[in-house]
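Both backbone and side-chain heavy atoms feed into the values below; hydrogens, waters and symmetry mates do not.
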Amino acid sequence: VDLYGYYEALRSANSNVMTRIKLGDTLDGREVFKYSIKYTDRNTGRVKPKIFINCGIHGGEKACVWAFYEFIKLLLSGVDRNLNILKRNYDIVFIPLANPYAFDVGQVGGVASARWNSRGVDINRNFGVFWDVYTSDESLQGRQTYKGESPFSELETQYVRDAVLAEDNLVTYIDLHNFNYVYLPEGHSYIMWISTVSRYAENCSQCLCDTLFYELSDKYTYLQGEEITYVNRTLNFPYSIAEFEKRLNIPCYTVEIDEANLFKTGGYAFDSDVITRGVELYKNGFIFLAAKSVDFVNSNLIFIFVWIIN
């Protein structure tokens, strides 16, 4: 499926606000792109904060890839009032498919790993922070989460790193994933799972999930009475969120949606509720997390200012 063809159709229809640059080719010849959506601010002197969203680092996790595309399409359509506020107050930069090999070849639960690039490396274990301390058997070659020969040994990892670090005024980095028939703690699955590194990001995520719990339970009756969201901190793993939280000192989040729709009787992977709920989770999640991230960055700036004048 030509995912970029869909994005290019959006860019063609919104060429005044949506741009694209090529980050490079993977070792097996697949292209990786970065897009930006920037609306002109009526207050032309204001520098807007940026949100960076990375999608498809595990390219075989296709529910998040398609749900994110639908989110971008909705954002650009102008029909959602809350998203209109989001795009007027933030510049949005994103990689729609960081690992195209896994998108074309891999599949969750399939023979070919949903995580690997063409060299069998899990790109989200190939970042520098915590790479040295990630030494479990799962980090070894041939395993699902093989971390590679060295930090940033893979072109895909380098492209993500360089794309993020090239942006100024970033207030948050969000990495999108999905899971399929994964039973997390407490003995059942969820529809949204957020992993963080810092306590601040963890607390923001929990507030978001508590809000979504009530909203989605009201909307989808088969979710009533279920514990549908989960938040945890993931330390000592060379994830992209660890890399950028340390380098940039901004809140970073791994946001996962479900692919399988286990709660719905007769539900199946990629059914309409999966994608619709994914878009709703992204919409509410990005708005909430962006605002909290601005608060975090501003509080740090105030602290620095007070320290300087004293």
_Just to verify, what does E167 make a side chain to side chain contact (heavy atoms under 4.5 Å, CB included) with, not counting sequence neighbours?_
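Only K34, K50, F52, V93, L170 meet the side chain to side chain contact (heavy atoms under 4.5 Å, CB included) criterion with E167.
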*Mind checking what makes side chain to side chain contact (heavy atoms under 4.5 Å, CB included) contact with E8, not counting sequence neighbours?*
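For E8 the side chain to side chain contact (heavy atoms under 4.5 Å, CB included) partners, ignoring immediate neighbours, are R11, R20, Y35.
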*Between R161 and F152, is NZ or CZ placed under 6.0 angstrom from the six-membered ring centre and within 45° of the ring axis?*
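Satisfied, under 6.0 Å and within 45°.
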*Is the Lys NZ or Arg CZ of K62 less than 6.0 Å from the centre of F103's six-membered ring, within 45° of the axis?*
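That pair qualifies as a cation-pi contact.
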Are any side-chain N or O atoms of [X] and backbone N or O atoms of [Y], one a donor and one an acceptor, separated by less than 3.5 Å?
X	Y	value
E243	V129	yes
K147	P238	no
T229	M192	no
S12	A9	no
S293	T172	no
S139	S136	yes
N117	G120	yes
N99	H58	no
N178	C64	yes

*Does E215 come within less than 4.0 Å of K219, counting only side-chain N to carboxylate O?*
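Salt bridge absent between E215 and K219.
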*Is E70 salt-bridged to K283, going by a charged N under 4.0 Å from an acidic O?*
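No, E70 and K283 are not salt-bridged.
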*asked:* Quick check on side-chain contact (heavy atoms from CB on, under 4.5 Å): which of I51, L86, I85 does I287 satisfy it with?
replied: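 Exactly one pass, corresponding to L86.
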*Check N236, T145, N126 against Y134 for a side chain to side chain donor-acceptor pair (under 3.5 Å) and give me the one that passes.*
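Looking at N236, T145, N126, the match for Y134 under the side chain to side chain donor-acceptor pair (under 3.5 Å) is T145.
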*Start with the C-alpha distance between F127 and Y239, add both sets of side-chain angles, then the distance that settles ring-ring contact (aromatic ring centres under 6.0 Å, His included), and finish with yes or no.*
CA-CA 6 Å; F127 288 86; Y239 297 154; 9.4 Å; no
_L216 vs E280, side chain to side chain contact (heavy atoms under 4.5 Å, CB included): CA-CA, chis, key distance, verdict_ = CA-CA 9 Å; L216 293 173; E280 290 175 348; 3.5 Å; yes
*Heavy-atom count around K48 NZ within 6.0 Å, excluding the residue itself: above 12?*
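More than 12 within 6.0 Å, yes.
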_I need the minimum non-hydrogen distance between I250 and V171, along with the two atoms involved._
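Heavy atoms of I250 and V171 come nearest at CB-O, 3.5 Å.
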*For the residue pair Y253 and A201, what are the closest heavy atoms and their distance?*
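Shortest heavy-atom separation between Y253 and A201 comes out as CE2-O, 3.4 Å.
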_For F286 together with F71, are the ring centres under 6.0 Å from each other?_
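Yes, close enough.
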*Taking the six-membered ring for Trp and the single ring otherwise, decide whether the centroids of F68 and F94 are under 6.0 Å apart.*
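F68 vs F94: aromatic centres under 6.0 Å.
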*asked:* According to ring-ring contact (aromatic ring centres under 6.0 Å, His included), who are the partners of Y69, at least two apart in sequence or on a separate chain?
replied: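 Scan of Y69 (ring-ring contact (aromatic ring centres under 6.0 Å, His included), adjacent residues dropped) gives Y6, Y7.
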